[in-house]
Every structure is written in C-alpha cells, then in structure tokens.
Amino acid sequence: MTESRFAIVRLVLRSAAFLLALNEIRGIVLAVPVLYAMYEAGGTLMAIWLGFCSLAGIALSVIVPMFAIRKLERRLQPA
C-alpha cells in the first residue's frame, strides 16, 4: 500500500515539475523579444543587467523547485 502511495506522489511531483518547466520555457520565449528590444535600445550596462536578472530569475524558478522535489522524493521514499 505504501509503495502505491509513493508511486502516486512521485508521479504527481514529476508531472508538476514537467509542467513548471514547460511554463518557464514559455516565459523565455515571451521574454526574448523584450530582451532583444532592450539590447537594440542601446545595449547599456543597465539593459544588460536587467536582461541577466530576468534570465537568472527564470532559471532559478526552474532549478530550485526541481531540487525541492528531489529532496521531497527522498523523504517520502519507503525505508
């Protein structure tokens, strides 16, 4: 019984991680024109910094939940 619960929880967590990654890919696709426009507007250090921060935020919002899911899976794994 515990094995089936763990399998269901693992499936839900992996599905959520996959959907989160797809959402972030969509965000990157939508952010590219904005970042390109900032670059074309002058490519100043401020515009480059804003672009870096935007992309770093997108990356962190994908990486941090994936580490959290792995840690949660290890805790829920039956002994």
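Shown here are the side chain to side chain contact (heavy atoms under 4.5 Å, CB included) partners of Arg74, two or more places apart in sequence or in another chain: Arg70. Residues meeting the side chain to side chain contact (heavy atoms under 4.5 Å, CB included) test with Val32, sequence neighbours left out: Ile28. Looking at residues two or more places apart in sequence or on another chain, you find a side chain to side chain contact (heavy atoms under 4.5 Å, CB included) between Leu72 and Leu13, Leu76. Remark: Phe18 engages Leu22 in a side chain to side chain contact (heavy atoms under 4.5 Å, CB included) (not counting sequence neighbours).
Alongside Leu45, the hydrophobic cluster contains no other residue (criterion: ILVMFWY side chains under 4.5 Å).
Each salt bridge (Lys or Arg N to Asp or Glu O under 4.0 Å) pair with one or both residues in residues 6-23, not counting sequence neighbours, appears once here: Arg14-Glu73.
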